Q: 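Just dropping this structure here.
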2 protein chains.
Amino acid sequence: MSDEFCSCDIVHENIIEIVKQKMPQEEKLYDLAELFKVFGDTTRVKIISALFEAEMCVCDIAELLSMTQSAISHQLRVLRQARLVKHRKEGKVVFYSLDDEHIKTIFNQGLEHILEPRGYEYAIS
Amino acid sequence: MSDEFCSCDIVHENIIEIVKQKMPQEEKLYDLAELFKVFGDTTRVKIISALFEAEMCVCDIAELLSMTQSAISHQLRVLRQARLVKHRKEGKVVFYSLDDEHIKTIFNQGLEHILEPRGYEYAIS
DNA sequence: TTAATATATGAGCAATTGTTCATATGAGCA
DNA sequence: TGCTCATATGAACAATTGCTCATATATTAA
């Protein structure tokens with residue numbers, strides 16, 4: 001039962017079929033990866049982490065993270081497009097805050113994962 | 001109170017100070033971003049999604065996702081290094097399965113986020 | 001030992017991404 | 001109107017990343 005993608009002979013066709021039927025739609029998995037990609041950057045993680053504590057303007061965030069206003073503004077755009085933050089204008093100043101209740105859960109689960117005690121460093125076989 | 005990173009004059013020093021104290025350590029936020037980076041790829045999301053349903057060998061996953069064995073093996077290494085999957089050898093065949101109870105929560109919260117109804121497409125101002 | 005097979009891995013390349021720099025926008029004020 | 005300030009944005013460049021291809025490793029069988 002070998003095919004074009006894998007030279008192996010041991011392919012468990014029944015399992016593949018069952019898994020294929022149970023898996024979410026391709027499009028949803030794509031969107032999910034896109035969402036996690038947004039969380040996958042130190043600067044954005046820091047911004048989100050800061051916004052957990054308080055609403056902040058662009059300048060505050062730049063100062064807090066010791067980064068340029070431009071860099072922060074670019075990253076806020078990414079967060080906005082992922083609908084993770086919302087903004088509020090007050091004159092020239094734009095205040096950003098979190099726009100999702102799931103973020104906290106995702107973050108906390110992520111933190112729990114990285115804080116788990118490691119029994120051993122990974123080594124194959 | 002302007003500084004080197006932001007030309008703005010409106011910096012809310014008190015908020016910055018409070019947030020700075022409450023935020024997790026820099027190193028933890030870095031690790032967190034590294035973890036989410038692992039989730040931020042369609043192939044890896046698909047692999048994880050498949051392993052939710054059943055333990056699978058490398059060849060099965062390659063067949064399921066219509067990708068080469070090499071590509072899958074490379075990605076499994078990334079997942080292993082992030083301690084998200086574990087493996088079990090049975091002769092020449094290596095079976096992979098999930099190695100973390102937090103993954104499901106993270107995934108489900110992520111799915112809930114992307115499935116949220118959008119009132120409007122984002123537009124600034 | 002030799003051959004075959006399942007998986008792992010290193011090098012290289014194309015595509016993506018985060019930052020910087022320069023500049024645009026837009027709001028408040030003189 | 002014209003000026004200043006807070007933020008947004010486009011282009012460009014360096015760094016990272018995911019795949020392919022070739023090959024190495026490890027296990028089983030003859």
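Numbered from 1 within each chain, the chains take letters A, B, ... in sequence-line order. The analysis underlying the following values was restricted to heavy atoms, covering all of them including side chains, and did not include hydrogens, waters or symmetry mates. Predicted model, so just to flag it, every value in this text is computed and none were measured.
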Q: Look at the side-chain N and O atoms of A:R80 and state whether any lies under 4.0 Å from the OP1 or OP2 oxygen of D:dT9.
A: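 Result: yes.
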
Q: Calculate the interatomic distance between B:F36 atom CZ and C:dT17 atom P; express it in whole Å.
A: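 For the pair B:F36 CZ and C:dT17 P, the rounded distance is 18 Å.
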
Q: Looking at D:dT7, C:dA6, C:dA8, which one has an atom nearest to any side-chain atom of A:V94?
A: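 Closest nucleotide to the A:V94 side chain: D:dT7.
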
Q: Return the value, rounded to whole Å, for the distance between atom NE2 of B:H87 and atom P of D:dT25.
A: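 That distance rounds to 18 Å.
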
Q: Of all residues at least two apart in sequence or in a different chain, which pass the side chain to side chain contact (heavy atoms under 4.5 Å, CB included) check with B:V93?
A: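 Expected list: A:I10, B:C57, B:F95.
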
Q: Is the phosphate of C:dA6, meaning OP1 or OP2, less than 4.0 Å from a side-chain N or O of B:Y96?
A: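 So the side chain of B:Y96 is outside the cut-off, no N or O lying under 4.0 Å from OP1 or OP2 of C:dA6.
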
Q: Report, one line per pair, each donor and acceptor closer than 3.5 Å where one atom sits in a side chain of residues 25-39 of chain B; sequence neighbours left out.
A:
from, atom 1, to, atom 2, distance (Å)
B:E26, OE2, A:K46, NZ, 2.9
B:E34, OE2, B:K37, NZ, 3.1

Q: State which residues pass ring-ring contact (aromatic ring centres under 6.0 Å, His included) with A:H102; sequence neighbours excluded, sorted by chain then number.
A: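 Listed in chain order: nothing, the list is empty.
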
Q: Could you tell me which non-hydrogen atom of A:V85 sits nearest to which non-hydrogen atom of A:L76, and how far apart they are?
A: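 In terms of heavy atoms, the two residues are closest at CG2-O, 4.2 Å.
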
Q: The criterion is side chain to side chain donor-acceptor pair (under 3.5 Å); which residues satisfy it with B:R88, sequence neighbours excluded?
A: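 In terms of side chain to side chain donor-acceptor pair (under 3.5 Å), with neighbours along the sequence ignored, B:R88 is linked to B:E55, B:E90.
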
Q: Round to a whole Å and report the spacing from CG of A:L76 to C1' of D:dT9.
A: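 Between C1' of D:dT9 and CG of A:L76: 13 Å.
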
Q: Can you check the B:L79 CG to C:dA8 C1' distance for me, whole Å?
A: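 Interatomic distance, CG of B:L79 to C1' of C:dA8: 15 Å.
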
Q: In whole angstroms, how far is the P atom of C:dT20 from the CG atom of A:L65?
A: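 Rounding to the nearest Å, CG of A:L65 and P of C:dT20 are 12 Å apart.
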
Q: Could you list the residues that satisfy side chain to side chain donor-acceptor pair (under 3.5 Å) with B:Q109, not counting sequence neighbours?
A: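 B:Q109 satisfies side chain to side chain donor-acceptor pair (under 3.5 Å) with no other residue.
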
Q: Quick one: list whatever passes side chain to side chain contact (heavy atoms under 4.5 Å, CB included) with B:Q21, sequence neighbours left out.
A: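 Partners of B:Q21 under the side chain to side chain contact (heavy atoms under 4.5 Å, CB included) test: B:E17.
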
Q: Identify, between A:E90 and B:C57, the residue whose nearest nucleotide on DNA chain C lies closer to the 5' end.
A: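 Per heavy-atom nearest nucleotide, the more 5' residue is B:C57.
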
Q: D:dT27, OP1 or OP2 - any side-chain N/O from B:K89 closer than 4.0 Å?
A: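 True: B:K89 side-chain N/O within range (under 4.0 Å) of D:dT27 OP1/OP2.
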
Q: Quick one, give me the B/S/- string for nucleotides 16-23 of chain D, reading 5' to 3', where B means a protein heavy atom under 4.0 Å from the base and S means that only happens at the primed atoms, P, OP1 or OP2.
A: -SSSBBB-

Q: If I take atom CD in residue A:Q81 and atom C1' in nucleotide C:dT17, what distance separates them, rounded to the nearest angstrom?
A: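 From A:Q81 CD to C:dT17 C1': 14 Å.
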
Q: Side chain of A:C59 only, please: which of C:dT7, C:dA27, D:dT7 is the nearest?
A: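 Per side-chain heavy atoms of A:C59, the pick is D:dT7.
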
Q: How would you list, by chain and number, every residue that makes a side chain to side chain contact (heavy atoms under 4.5 Å, CB included) with A:Q75, sequence neighbours excluded?
A: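 In terms of side chain to side chain contact (heavy atoms under 4.5 Å, CB included), with neighbours along the sequence ignored, A:Q75 is linked to A:D41, A:T43, A:R44, A:I47, A:V78.
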
Q: What pattern of brackets, bars and dots sums up DNA chain C from 5' to 3', given Watson-Crick or G-U wobble pairs under 3.5 Å, [ ] for crossing pairs and | for another strand?
A: ||||||||||||||||||||||||||||||

Q: Provide the closest heavy-atom pair for A:M56 versus A:A50 in the form atom of the first, atom of the second, distance.
A: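 Minimum heavy-atom separation between A:M56 and A:A50: SD-CB, 4.1 Å.
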
